[in-house]
Engineer: 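Below you'll find the structure I mean.
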Amino acid sequence: MSVLDRLLAGERVDVEELRAAVSRTVFGDRVGLTLALVTFFWVGLTWRLGFASNDQYTFANTILAIADGQLHITQPRYGPPSGATPGTYVVGDRVYGRNYGVVLPSAILYVVFRVIALIADVRVLLTGLWSLTLVGIGGAVGGRFDRGREGVVVGSLLAGLFFLLSVLVADPLSSRWLPLIALQLTTASATAVVVVVCYRFVTRCYDRRLGVAAGVAVVVATPIGFWATLPKRHSVTVMFVICAMYTLYRSRAARTPTSARRFRSLTYAWPALLAWVHAPHGAILLAAVGLVDLPTARSNTRSDLLSIGAAFGVALVPFLVTNTLISGNPVLPPRFLPDYTGDILSGSAETAGGSAGAAGGSAETAGGSAGADGGSAETGGGVVGSGSTGSSGIWRVVSVFLDGNLAVFRIFSQFVSSYAALTEPERLFRVFVHTGYVPRLRPNQDAAINLSVLASMPLLGALVAYPVLAGRRLIERERSLSSPRQWSPIRVVDAFSAVYVVLLLGLYFSSLPNHHMLTTRYLHPLYLIGIFWIVRLPIVRQSVATASRTLTTSYGGAIFVLVPAFLSAIAVGRLVLDESIQLYALFALFVATGAGLWAIVSSLTDGHRNTGSIALGVAAGTVSVYLLVAGLALFPETGEFLLPVARIVSERIHYARLIGSTPPFWDASQLFFVW
Amino acid sequence: MSRSLVLLFLVCIVGSAIAVGPLGTDATRTSAAEHADVTVESIPEDDITLERGKFGSGRYHIDAPPAVVRVENVTGTPILRYVIDIPGEWLTASSRYGLGGREGRISMRPSPVTVSPHAIDQERYEAIVSVWVRTGTHERDIVQRRVTVEVES
């Protein structure tokens, strides 16, 4: 009997049991916990302190407002004094932010940080906790070879050394960064959840080795690692998508009907929670879950539907409450309110002016503003018009009805134009294969700093195996047409992934290519689904199973060779940001082509496992190289990092291209680091 | 064993965090007077170009040989700024060098800012190359020179 059942039955559960149960629910097992530590270790390396896009000012201002006990911004302390940053909306004479689902948990962290900052340095504390991940990782890696003890000792030595070094070179952390760090910790934690759930999901479908490979690949071989510490909606969106995939799978693979129903209901809770962060994303997730779950469920009895509805309804409460407090309309999220343009708060700010780049020298902003965030779609289907719980009469009802209809019309036209745009070869090429310089973008937004989907994740090149496999299947006349209700659990998730991606493309494709996409971020969940699709390829699974050592060696080798190679190319060629990124894009395409060629040959011949491991390892390593170099050398907006040592490294290489010159961020305290 | 090790580690972390934090640090004097003798040895004049980015990156950036200065008698943490300004393009490439604790030759390059090809409509632009030093709150120019920048594509 599970702890949950015993709790529900009113039995006593002691603390140790409860702790074990919670840890099992969150991490699954020790490997899951280790993967969470690996995630924090990895994203910590490039954890930059700086406002990478303008809407992060909005989030920071909203956090301060919430810490003061209100949802609306009264004193914009970040960004322009008027407080008019992307993602601010106006209702009457009040200015609101958005993505409250991310902002609210961050506000709690912020309050905690602020209290800590009264007595201790938050940076030193977080650096210490980061060092501790080394102890955990050391122990786990040692344990893998039955040397757990030695592993812990080595890990502790490294951690101690690193921590000591950090304390020696640490500057005190300005309290200015606390809201940002709170946001980053929220999205980094979401990324850790993505990694853990992905590991658990793949482990359940296949085996643990593949699960670990998939979990690690999510954060080191896809842009999910890139956005982990850039606090926008992306990490959280991906988290809810993988949760939905996992619980959908469990609902089909469950041994008991009770457990099946629980997981099935939970699958509907994720879209509702996601709506709190980003309503259109919540809507397409709900649509994908519904479209796949209802026809494939073994039964859709009244009590099944009731429990689904209850889970969805409860999870939707934060969304409804927040909207009611802000717009007065429970189903009208901030994103669809009129934009704030900066007349209300002007003059209220104290010292906000020029705060943007104050912390460091020549700020190298990542190409213009974040811009309007594309999604101009209202929540679809079930949410719109589901209730006018307000009580101010007929006008309220009419306005909710109109809002709903307008939104439905907008979402419909967006999907139509997106699917129409899918027939334009040039656009397809720019979005999926190579973005390059896009002349039709506005002159202040046309920096070629954006990567196509394939360049963001060269592993996707292996997906060309699918048409080949489909062709083979057609020739060999293998057909397995079973009724959807008899589908295997993984087949249900296959269907979900396909439907979800189609909806995702409908929501965003017409607005691509766009500026400040960096990694075609509007299609961000595609990278998670891509990992799933790659794992589903038999040739990939065989490669990981039979040649895992080759895989890790080629991955490590790629990093070892390519990081210095990329940095030297930047330094010798004296490349500016756009050039560096386009050079990487071309190389990533080359690697993706290699992975694709292998996938085709291998699925035709059923061989080449070792080659496969090399191709996959290099493709994964290429992205890791980009994450490291971009994080430490290309995108440090202010030169400030969470880890003091990362700042030192960045200073050494950020201006590598300015040969013979010395880093601009320099002070005497680092003299002993001169080499 | 590992649990007690982790605990010990945690105690160290918390201890250091407090020691570095507001309770631990006691105010010490910093030298308020700032000074540096800066001599410009060479500065690019006619060899500055606006170059189109390689690898299909499209936008233009400033390319110039480094400016070399000699720095002596540094006290405090003055800041050296090297600026290439092209007013006709609204383009300013500026890089900053903290001088605290260092003397001798420093060679400087402009920051790698870029400008859209849509904005380039001439073959050459007037530009101003300058070197500034900031001591305390006071910033003064060491050299300012008007030059012509050629557009190369």
Side-chain angles (χ1 to χ4, degrees), chain A residues 116-125 127-129 131-132 135-136 139 148-149 152-153 156 159-160 163 167 170 172 361-362 364 434 436-439 442-444 446-448 573-579 581-583 585-586 655 657-669 671, chain B residues 1-2 5-6 8-10 12-25 51 53-63 66-68 74 76-77 79-82 90 93-102 105-120:
Chain A
I116 293 174
L118 290 177
I119 54 163
D121 187 80
V122 175
R123 190 205 301 260
V124 171
L125 199 68
T127 306
L129 293 179
S131 319
L132 265 183
V135 182
R149 213 167 196 186
V152 171
V153 171
S156 317
F163 183 60
V167 173
S362 54
E364 193 174 303
H434 183 65
Y437 175 75
V438 184
R442 279 189 280 163
N444 59 344
D446 64 352
R574 293 218 309 273
L575 305 186
V576 297
L577 182 65
D578 327 24
E579 292 175 320
I581 290 176
Q582 292 310 314
L583 173 65
L586 294 176
Y655 281 79
R657 58 176 165 276
L658 313 180
I659 297 179
S661 84
T662 346
F665 319 114
W666 182 280
D667 66 64
S669 68
L671 262 185
Chain B
M1 185 200 90
S2 75
L5 196 72
V6 170
L8 185 77
F9 215 115
L10 270 176
C12 287
I13 293 169
V14 173
S16 336
I18 293 176
V20 176
L23 293 188
T25 32
E51 273 188 40
K54 294 187 276 283
F55 310 112
S57 65
R59 280 164 79 106
Y60 287 79
H61 62 270
I62 295 173
D63 196 51
V68 182
V74 176
T77 52
I79 285 164
L80 196 62
R81 224 151 49 81
Y82 172 49
W90 299 95
S94 155
S95 47
R96 227 173 62 119
Y97 297 81
L99 296 183
R102 47 193 294 224
R105 276 159 60 98
I106 298 181
S107 54
M108 308 182 292
R109 285 187 186 278
S111 68
V113 291
T114 58
V115 61
S116 170
H118 295 303
I120 304 271

Engineer: State, with a plain yes or no, whether a side-chain heavy atom of A:R574 is found less than 4.5 Å away from one of A:E579.
Structural biologist: no

Engineer: A:A117 versus chain B, heavy atoms under 4.5 Å apart: side chain, backbone, both or neither?
Structural biologist: backbone

Engineer: Flag the one option from B:C12, B:A93, B:P117 with the top tally of heavy-atom pairs under 4.5 Å to chain A.
Structural biologist: B:P117

Engineer: Would you check if B:Y82 and B:P110 make a side-chain contact, meaning some heavy-atom pair closer than 4.5 Å?
Structural biologist: yes

Engineer: For the interface with chain B, which of A:P172, A:G436, A:S156 has the highest count of heavy-atom pairs at distances below 4.5 Å?
Structural biologist: A:S156

Engineer: Which bit of A:P443 comes within less than 4.5 Å of chain B, counting heavy atoms only: side chain, backbone, both or neither?
Structural biologist: both

Engineer: Please determine, among A:L132, A:L586, A:V438, A:I581, the option with the most heavy-atom pairs under 4.5 Å with chain B.
Structural biologist: A:L132

Engineer: Excluding sequence neighbours, so at least two apart, what forms side-chain hydrogen bond (donor to acceptor under 3.5 Å, both in side chains) with B:S116?
Structural biologist: A:D446

Engineer: With a 4.5 angstrom heavy-atom cut-off, could you sort out which part of B:T114 is near chain A: side chain, backbone, both or neither?
Structural biologist: side chain

Engineer: A side-chain contact here means heavy atoms from C-beta on lying under 4.5 Å apart; do A:D121 and A:L125 qualify?
Structural biologist: no

Engineer: Check whether A:L129 gets within reach of chain B through its side chain, its backbone, both or neither, counting any heavy atom under 4.5 Å.
Structural biologist: both

Engineer: Quick check: does any side chain N or O of B:H118 sit under 3.5 Å from a backbone N or O of A:N444, one acting as donor and the other as acceptor?
Structural biologist: no

Engineer: Side chain, backbone, both or neither: which part of A:I119 has an atom under 4.5 Å from a heavy atom of chain B?
Structural biologist: both

Engineer: A:G139 and A:V152: which non-hydrogen atoms are nearest, and at how many Å?
Structural biologist: CA-CG2, 3.6 Å

